[in-house]
Protein chains: 2
Amino acid sequence: MQEVIESPPVGLRERKKAERRLALIDAAHRLVEERGYDHVTVEDIASAAGVSPRTFFNYFDTKDDAIVPFLMWPSENSAMADFVAGGPTGVLPTDLDRLICRALESWQAHAERIATTARLAAQNPHLLARRVAGLERYRVEVTELFAARAGRTQPEPDDVIGALAFVHLLRGAIACWEADPGGPPPEEHLARVRERMRSLATEPAP
Amino acid sequence: MQEVIESPPVGLRERKKAERRLALIDAAHRLVEERGYDHVTVEDIASAAGVSPRTFFNYFDTKDDAIVPFLMWPSENSAMADFVAGGPTGVLPTDLDRLICRALESWQAHAERIATTARLAAQNPHLLARRVAGLERYRVEVTELFAARAGRTQPEPDDVIGALAFVHLLRGAIACWEADPGGPPPEEHLARVRERMRSLATEPAP
DNA sequence: ACCAAGATTGCAGTTGATGCAAAATTGCAT
DNA sequence: ATGCAATTTTGCATCAACTGCAATCTTGGT
């Protein structure tokens, strides 16, 4: 399944593919919000996006992939490169924060799609499962970033724990923001999540 | 979809239902390991378990639910009750550890099924997504335990962050154990995961 | 022994998803 | 501008997952 290409594709063919994929996602979102998940078929989505049902499956493995799509972070992500290089500050917790901020920032470009996905997932539990699975892809990618930063080609348990911290902080910040959407953006909750996480990880001295 | 009932059910009907569900899970595991995911149908699984294909869907929402089943922890879980009551030690990080240990312990009864599920998920990426989704159910339950322990009926972000810590510690311990399966059991890695988690949550003083 | 409640099952049907191959579109070199 | 290779779209046939309905069977309770 192909992901959204954030950097402008070079040829007409690549550009049309990227546009077509977003058209399918947007058609899926519009139709499921209007009619309900059970009353929308792949044929409906494909037709609304102007392609054939067979073509739909050239872009997505399943119907649900279009509704809860994986929106990759930018391929040219200087934050990722900086992180792998040991930067930008050299202090791992701070650098982890920067990485999370850039992830949240990159998803802003799809804010409406992400909001629609969240609403549809809340209404359809099996889509919720897909959202979590999507997050797992990020967890896997970040595990590799930790390994690369430590100079290893094969991730070790410490890298997995690091990536789990990434997910922990990210989801915690989003949970705080969802509790008060009119308040500060997710990244401003990171300090609070970090503090809570630290306190849960610290047992009192004997 | 009904989960495994760990405590012995009272009537014949309940007992047969529980046995039938496990029979379907075991048939699914055996057939997928023998033939590969793509060469096993719902009809194959139902036939091997001695029920009709229609009955299969009385137990599972999807074919994949049988392969990667949700194995609930015991309904009579004193660790959960203790946790909600503020125990067993009154020290939250320690009590969280106990909760995790009990979760790992309760899954021991299904160790072979869990091992099979892990192998099949490694071979079939879309099943991996389902495993993560299953973990999310535990995360939701633990969020409610945190809220109940704090005396609230509606979970707050702090409860979500607490449950994310549960998942972080649990998955970290499992990752350490998977790196050295012949070594100590998962629960003995909790201290190491906790230490790494704490260090990632602690920024250096200015 | 009888009846209610719950579960199993067959059947027909819809939809998701796939492999194959023909047709169309795009990229590139001339 | 043209020709050709590469890539993509598409139609079609097919299989399997999954569902609603209702008849039949099994279990629980009196």
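All heavy atoms count here, side chains included; hydrogens, waters and symmetry mates do not.
B:Pro184 is listed as a side-chain neighbour of B:Asp180, based on a closest heavy-atom distance under 4.5 Å. Side-chain contact check for A:Cys176 versus B:Ile161: some heavy-atom pair is nearer than 4.5 Å. A:Glu34 places a side-chain heavy atom less than 4.5 Å from the side chain of A:Leu31. Between A:Pro186 and A:Leu104, some side-chain heavy-atom pair lies under the 4.5 Å cut-off.
Between A:Arg139 and A:Glu136 there is a salt bridge, since at least one side-chain N of the basic residue sits less than 4.0 Å from a carboxylate O of the acidic one.
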- Nucleotide by nucleotide, 5' to 3', does protein get under 4.0 Å of the base (B), only the sugar-phosphate (S), or neither (-) in nucleotides 25-30 of chain D, counting heavy atoms? -BBS--
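A cation-pi contact links A:Lys63 to A:Tyr37, judged by a cut-off of 6.0 Å to the six-membered ring centre and 45° from its axis. B:Phe70 carries B:Arg137 over the face of its six-membered ring, with the cationic atom under 6.0 Å from the centre and within 45° of the normal.
Rounded to 10 degrees, the angle between the two end axes of the helix from C:dA1-D:dT30 to C:dT30-D:dA1 is 30°, with five pairs used at each end.
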Protein-nucleotides 16-20 of chain C N/O pairs closer than 3.5 Å?
| from | atom 1 | to | atom 2 | distance (Å) |
| --- | --- | --- | --- | --- |
| C:dG16 | OP1 | A:Val42 | N | 3.2 |
| C:dG16 | OP1 | A:Lys63 | NZ | 3.3 |
| C:dG16 | OP2 | A:Val42 | N | 3.1 |
| C:dA17 | OP2 | A:Lys63 | N | 2.5 |
| C:dG19 | N7 | A:Arg54 | NH2 | 3.0 |
| C:dG19 | O6 | A:Arg54 | NE | 2.6 |

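Within 6.0 Å of CD in A:Gln123 there are more than 12 heavy atoms belonging to other residues, nucleotides or ligands.
At D:dT9, one or more side-chain N or O atoms of A:Asn58 fall inside 4.0 Å of OP1 or OP2 (strictly under the cut-off). The side chain of A:Tyr59 places an N or O atom within less than 4.0 Å of a non-bridging phosphate oxygen (OP1 or OP2) of D:dT9. For A:Ser52 and D:dT9, the shortest distance from a side-chain N or O to OP1 or OP2 is not below 4.0 Å.
Atoms CD and CZ, on B:Glu141 and B:Phe146 in that order, are 13.5 Å from each other to the nearest 0.5 Å.
When rounded to the nearest whole Å, the span between CZ of A:Arg20 and P of C:dA24 equals 16 Å. Atom NE2 of B:His39 is separated from atom P of D:dA16 by 10 Å (rounded to the nearest Å). Rounding to whole angstrom units, CG of residue A:Leu24 and C1' of D:dT9 are separated by 13 Å.
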- Task: List the steps and the verdict of side chain to side chain donor-acceptor pair (under 3.5 Å) for A:Ser78 and A:Arg102.
- Result: CA-CA 9 Å; A:Ser78 61; A:Arg102 286 298 296 271; 3.1 Å; yes
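In summary, the side chains of A:Thr41 and A:Asp44 do present a donor paired with an acceptor at a separation below 3.5 Å, with no hydrogens or angles considered.
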